[in-house]
Amino acid sequence: LEAYDFEFEFRRDMAVEAVRGRDLLPPVRISDCVSCGWVEYCDELLEAGSGDPSLIPRIGYRPWRALRDAGISDRAAVAGLDYRTAQLGAAVDLNKWLADAAGAAPDTPIESLRPRARKQIRTLQEAGIATAADLLDRVHPRTMELGGAGFVPEAILNARAALGSEPVYRRPDLDPPDVPRADVEIDIDMENVLDGVYLWGALVTDRAGTGLAEAGYHAFAIWDPLTTATELENFQQFWDWFEGLIAGCRAAGASVLAYCWHESAENTQLRRIAQPYPALKTRVDAFIESGTWVDLERIFKQSWITGGSSSLKAVAPLAGFDWEVDDPGGAMSMVHYLEATTGDIDARTWLVDYNRGDVEATLAIRQWLSLDGHRWPEVATGPSG
């Protein structure tokens, strides 16, 4: 109770001082900010100038504090660090190597500085560092102050992408792959609540004009109360249609691929529903583990970087896509689902349209990546600023 009283009074004092125009502590973006009543007030402070480092993806409080302790208080300062030094610092003890190099002749081979550190020697050599002089010339002192923190390399790339002139950049030292395409493409997305999945949506695109599939959006929804039996019945209708479509394309010699954005959500529900039924489980597992199932988000994150979120709602607008429904998102879908189960037709229409938007968004991103993915510049890696 003493700890509770302290925390409550601390937060009360912060609120009072904020109203007076004085901040006791600088704001930090964390996941809870979305539901905080002060989010608009804090966002104005966080987004000032080049933006606070906590706006960088995966920079929570601890990384933010490490940057702040090093005197780095905005994204421009993060972008000014050296990516190569940060990479090396996460793999080798640069402080020891620099100390040894400082007391050696410039042309001393690095393998002579610390002969027993064979793995680190290979890492340095692969980075083009062969002598003591290379170490002293190529290691960026400012970046060194962060002591090889593992989050720094990705933070540098994200900061540079966020502050750059392009909406998307290619990752360094990587030639983006061609996005997998097929004669027949199926984009999949599901909608669920705590009780289970009430909607499976699929968008069929017959790219090769095979005539093997009915192109367009297909929804498999249930609005009655979700039980194990009703959820399974609805899923079985979707799964039988889905498997039949894939089998028919293959039998006719047409290639077919199914796509999703962030497969863990769909995979979790697929496996949960199929788990009690051995035959169904075997079929579901075979599909998940096959090359037919493509996680488009994984391909995107491995090859490109935006400096912001990689969520579908963040990336699709970059591809020029916009949802037809107002305020698309999981929170609103929960509200509309409760209305839909009471017979509200408008709520049901909203949910189906929202789901259709999600699968149309993955198609739009795929077409965008196929067209422009190789054109974007590579994000810079050297020190700047």
Side-chain angles (χ1 to χ4, degrees), residues 185-204 213-214 216-248 256-290 292-298 311-313 323-325 327-363:
E185 298 180 343
I186 314 166
D187 291 277
I188 302 294
D189 185 65
M190 63 85 195
E191 308 297 338
N192 71 294
V193 289
L194 290 177
D195 292 333
V197 179
Y198 63 88
L199 171 60
W200 292 92
L203 177 66
V204 178
E214 181 184 350
Y217 174 70
H218 304 259
F220 299 82
I222 179 171
W223 307 117
D224 295 328
L226 277 168
T227 65
T228 300
T230 58
E231 181 188 39
L232 177 63
E233 180 181 3
N234 185 58
F235 173 74
Q236 195 72 65
Q237 291 179 16
F238 158 71
W239 192 252
D240 289 346
W241 169 85
F242 182 52
E243 279 192 320
L245 175 55
I246 293 175
V256 58
L257 289 174
Y259 303 85
C260 67
W261 192 266
H262 192 59
E263 67 181 1
S264 65
E266 273 69 27
N267 286 354
T268 296
Q269 298 298 339
L270 286 169
R271 288 191 166 111
R272 178 188 61 80
I273 295 171
Q275 180 63 38
Y277 313 100
L280 181 60
K281 180 179 182 301
T282 297
R283 290 154 57 195
V284 166
D285 287 343
F287 165 72
I288 290 175
E289 296 165 7
S290 73
T292 303
W293 192 218
V294 180
D295 184 348
L296 198 58
E297 185 202 35
R298 178 182 298 176
S311 71
L312 184 65
K313 302 304 186 296
W323 276 256
E324 292 183 7
V325 300
D327 196 16
M332 284 305 301
S333 71
M334 295 291 186
V335 173
H336 287 301
Y337 175 72
L338 292 176
E339 298 168 342
T341 57
T342 65
D344 189 322
I345 301 301
D346 289 340
R348 295 178 182 182
T349 300
W350 189 97
L351 289 166
V352 172
D353 289 345
Y354 167 59
N355 181 265
R356 175 171 53 81
D358 280 356
V359 290
E360 289 175 344
T362 59
L363 173 60

Trace of the side-chain contact (heavy atoms from CB on, under 4.5 Å) decision for Leu232 with Leu280:
CA-CA 11 Å; Leu232 177 63; Leu280 181 60; 4.1 Å; yes
Might you work through the side-chain contact (heavy atoms from CB on, under 4.5 Å) test for Leu199 and Met190, ending with a clear yes or no?
CA-CA 6 Å; Leu199 171 60; Met190 63 85 195; over 6 Å; no
Derivation of the side-chain contact (heavy atoms from CB on, under 4.5 Å) call for Tyr259 and Asp295:
CA-CA 6 Å; Tyr259 303 85; Asp295 184 348; over 6 Å; no
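Shown here for Asp327 and Met332, the closest heavy-atom pair between the two residues is OD2-CG, 3.0 Å. Here the closest non-hydrogen pair linking Ala340 and Ala347 is N-CB, 3.7 Å. For the residue pair Arg356 and Val359, the shortest heavy atom distance occurs at O-CG2, 3.1 Å. Taking all atoms of both residues into account, the shortest heavy-atom contact from Leu270 to Trp239 is CD2-CZ3, 3.9 Å. Looking at every heavy atom in both residues, Glu266 comes nearest to Trp293 through CB-CZ2, 3.9 Å.
Taking the six-membered ring where the residue is Trp, Phe220 and Trp241 present tilted rings, their angle falling between 30° and 60°.
Under a 4.0 Å N-O distance rule, the pair Glu231/Arg272 qualifies as a salt bridge. With respect to Asp285 and Lys281, a salt bridge is recorded, a charged nitrogen being found less than 4.0 Å from a carboxylate O. No salt bridge links Arg348 with Glu339; every basic N to acidic carboxylate O contact stays at or beyond 4.0 Å. Salt-bridge formation is detected for the pair Arg283/Asp240: a Lys NZ or Arg NE/NH1/NH2 atom is positioned less than 4.0 Å from an Asp or Glu carboxylate oxygen.
In this structure, Thr341 OG1 and Ile222 CD1 are separated by 11.5 Å, a value rounded to the nearest 0.5 Å. A distance of 11.5 Å separates CG in Asn234 from OH in Tyr198, rounded to the nearest 0.5 Å. In this structure, CG on Leu363 lies 5.5 Å from CG on Asp187, to the nearest 0.5 angstrom. Atom-to-atom distance recorded for Leu257:CG and Ser290:OG is 9.0 Å, nearest 0.5 angstrom. In this structure, CD in Glu243 is found 8.5 Å from CD in Gln236, a value given to the nearest 0.5 Å. From Asn192, atom CG reaches atom CD of Gln269 across 4.5 Å, with rounding to the nearest 0.5 Å.
The side-chain contact (heavy atoms from CB on, under 4.5 Å) test applied to Asp358 returns Asp189, Glu191, Leu312, Lys313, Trp323, Tyr354, not counting sequence neighbours. Taking Ser264 as the reference, His262 meet the side-chain hydrogen bond (donor to acceptor under 3.5 Å, both in side chains) condition, with sequence neighbours excluded.
Here the side chain of Asn355 pairs no donor or acceptor atom with the backbone of Ala219 at under 3.5 angstrom.
Side chains of Glu185 and Val204 form no contact here, defined as non-hydrogen atoms less than 4.5 Å apart. With contacts defined as side-chain heavy-atom distances shorter than 4.5 Å, the pair Asp344/Trp223 does not qualify.
Between the side chains of Thr230 and Asp224, no donor-acceptor pair of N or O atoms lies under 3.5 Å.
Among Phe235, Phe287, Trp200, the one residue that satisfies the ring-ring contact (aromatic ring centres under 6.0 Å, His included) test with Phe242 is Phe287.
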